[in-house]
Amino acid sequence: LGYEVSCVSGDDTYKNQINSLGASFSLIDFKSRSRNPFVILANIISYIKYCKAYKPVVFLTYNPMPNLCVSISSFFCSFRQIATISGFGLLSDAVKGKDNRGIYLKLKIATFINYLKSPDVVFCQNSEDFDFVRHVRGERATIRVMGSGVPLDKFCPTIRSFEKLRFLFAGRFLESKGVRDYIRAAKESEVHRSEFYVCGLPVRGEGGISEEQIKAEIEGSQIVYLGHEHNMVDRLASVDIVVLPSQYGEGIPRSLIEA
């Protein structure tokens, strides 16, 4: 159709995979989890510089910080934004009026709600988020989809013949994702002939758990720590049950769709 597809991120881990699909990749100075207002301002400036240089026609964004930065960038550069809300995350209770603690939190909520009004189209992944976003946006296009989707030719049922029942936690190491609940349940499990695995990404900052903490908590138990797993197709094929005891503001968790 004559369009060029480009991806932009503050992390170039998947640059080669993106290029192999025929898309270009741009690395920018971007820190997604900082609460420092000067860092957030620097993030916004990085996106504005990218948009002025690349001149996108349509910008597809997901996750709160890129959604916010691109939303602000659209006032300085002429393009259309399609934003995906893959859950409200740690702000879930706050944006829905269940938690109003702290001036910083209130400011963050106000900013979050305002940027929801800007994109041309917003996709949501569950009915609760959809109802909230539609209320904020009024008549502007808000669409509900059933999760982010996965390639069914890769994530498909396999025949298992394990001697033991295998359990897996796969997700970011956040308190609200329930990794500690999983570890506690695994230690207390009375399921005979079972194995328990943990894989995922350590998280710094609010509610995060480090790799060292995870390793210390499973030390001496039957739980196996796998680290960060890049090949989830083979990993999922090697287990029977995926566990995600999450209280995080999920959309529709991709890890469960894959499983």
Side-chain angles (χ1 to χ4, degrees), residues 4-36 39-40 42-51 53-54 56 58-70 73 81-87 89-90 123 125 147-151 153-155 168-174 176-177 179 197-215 224-239 242 244 246 248 250-259:
E4 179 184 344
V5 177
S6 178
C7 298
V8 58
S9 174
D11 181 353
D12 63 356
T13 302
Y14 297 103
K15 177 182 176 179
N16 291 337
Q17 289 93 320
I18 290 169
N19 290 155
S20 70
L21 295 172
S24 61
F25 177 85
S26 296
L27 181 67
I28 63 171
D29 184 15
F30 177 74
K31 298 175 178 63
S32 64
R33 302 192 183 283
S34 178
R35 297 176 59 171
N36 186 318
V39 174
I40 295 172
N43 286 341
I44 294 169
I45 292 172
S46 291
Y47 269 102
I48 291 173
K49 287 180 177 178
Y50 171 81
C51 291
Y54 186 72
V58 178
F59 211 132
L60 174 65
T61 58
Y62 68 97
N63 287 345
M65 186 64 74
N67 281 345
L68 170 64
C69 293
V70 172
S73 299
Q81 181 187 5
I82 301 173
T84 295
I85 306 296
S86 54
L90 297 173
F123 287 103
Q125 296 186 1
S148 55
V150 296
D153 58 327
K154 295 181 178 179
F155 293 93
L168 173 69
F169 172 93
R172 287 182 293 153
F173 296 157
L174 285 165
S176 54
K177 286 282 189 177
V179 61
Y197 299 89
V198 173
C199 73
L201 280 172
V203 176
R204 294 181 180 180
E206 183 181 358
I209 304 171
S210 69
E211 183 177 51
E212 291 73 21
Q213 289 173 303
I214 292 293
K215 288 181 177 179
V224 178
Y225 176 64
L226 301 170
H228 178 41
E229 179 63 70
H230 291 280
N231 186 354
M232 284 306 297
V233 174
D234 290 346
R235 178 57 59 195
L236 290 171
S238 71
V239 301
V242 173
L244 185 68
S246 177
Y248 188 78
E250 307 280 1
I252 297 180
R254 186 181 180 90
S255 61
L256 297 187
I257 299 175
E258 291 174 345

Where is the tightest heavy-atom contact between [X] and [Y], given as atom of each residue plus distance?
{"X": "S73", "Y": "Y47", "result": "OG-CB, 3.4 Å"}
{"X": "F173", "Y": "V203", "result": "O-CB, 3.7 Å"}
{"X": "K15", "Y": "F25", "result": "CG-CD2, 3.7 Å"}
{"X": "G149", "Y": "R254", "result": "O-NH1, 3.1 Å"}
{"X": "I40", "Y": "M65", "result": "CG1-CE, 3.8 Å"}
{"X": "M232", "Y": "C199", "result": "SD-SG, 4.4 Å"}

Looking at residues at least two apart in the chain, or sitting in another chain, which of them share a side chain to side chain contact (heavy atoms under 4.5 Å, CB included) with [X]?
{"X": "P253", "result": "L244, E250, S255, L256"}
{"X": "K215", "result": "E211, Y225"}
{"X": "A42", "result": "none"}
{"X": "V39", "result": "K31, S34, N36, N43"}

Those residues that, when tested against [X], pass side chain to side chain donor-acceptor pair (under 3.5 Å) (two or more places apart):
{"X": "T61", "value": "N67, Q81"}
{"X": "S9", "value": "none"}
{"X": "S20", "value": "none"}
{"X": "Y50", "value": "S6"}

List in chain and number order the residues that pass ring pair (Phe, Tyr, Trp, His ring centres under 6.0 Å) with Y14, two or more places apart in sequence or in another chain; answer none if no residue qualifies.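 So Y14 forms no ring pair (Phe, Tyr, Trp, His ring centres under 6.0 Å) with any residue.
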- request: Just jot down the ring pair (Phe, Tyr, Trp, His ring centres under 6.0 Å) partners of Y197, sequence neighbours excluded, or say none.
  value: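 If we apply the ring pair (Phe, Tyr, Trp, His ring centres under 6.0 Å) test to Y197, skipping adjacent residues, there are no hits.
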Heavy atoms, side chains only, cut-off 4.5 Å: are [X] and [Y] in contact?
{"X": "V224", "Y": "V198", "answer": "no"}
{"X": "C69", "Y": "F30", "answer": "yes"}
{"X": "L174", "Y": "I209", "answer": "no"}
{"X": "V239", "Y": "V242", "answer": "yes"}
{"X": "P56", "Y": "C51", "answer": "yes"}
{"X": "F59", "Y": "I82", "answer": "no"}

For I214 and V179, run side-chain contact (heavy atoms from CB on, under 4.5 Å): C-alpha distance rounded to whole Å, both residues' side-chain angles, the deciding distance at 0.1 Å, then the answer. CA-CA 9 Å; I214 292 293; V179 61; 4.0 Å; yes
- prompt: Taking S46 for the side chain and D29 for the main chain, is one N or O donor matched with an acceptor at less than 3.5 Å?
  reply: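 Yes, S46 side chain to D29 backbone: donor-acceptor pair under 3.5 Å.
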Working for side-chain contact (heavy atoms from CB on, under 4.5 Å), residues L226 and L168: CA-CA 10 Å; L226 301 170; L168 173 69; 4.2 Å; yes
Say you draw a straight line from CZ of F155 to CD1 of I257; how long is it, rounded to the nearest 0.5 Å?
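F155 CZ to I257 CD1: 10.5 Å, rounded to 0.5 Å.
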_Pairwise distance CG(D12) to CD1(I28) - rounded to 0.5 angstrom_ =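 Rounded to the nearest 0.5 Å, the CG-CD1 separation comes to 12.0 Å.
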- Message: By the salt bridge (Lys or Arg N to Asp or Glu O under 4.0 Å) test, which pairs, at least two apart or in different chains, include something from residues 229-239?
- Response: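 Counting only pairs at least two positions apart or across chains, the salt bridge (Lys or Arg N to Asp or Glu O under 4.0 Å) contacts touching residues 229-239 are E229-R235.
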Any chance you could lay out the side-chain contact (heavy atoms from CB on, under 4.5 Å) test for K177 and F169, step after step, and finish with the verdict? CA-CA 10 Å; K177 286 282 189 177; F169 172 93; 4.3 Å; yes
- request: Assess whether side-chain contact (heavy atoms from CB on, under 4.5 Å) is satisfied between Y54 and E4, documenting all intermediate values.
  value: CA-CA 11 Å; Y54 186 72; E4 179 184 344; 3.7 Å; yes
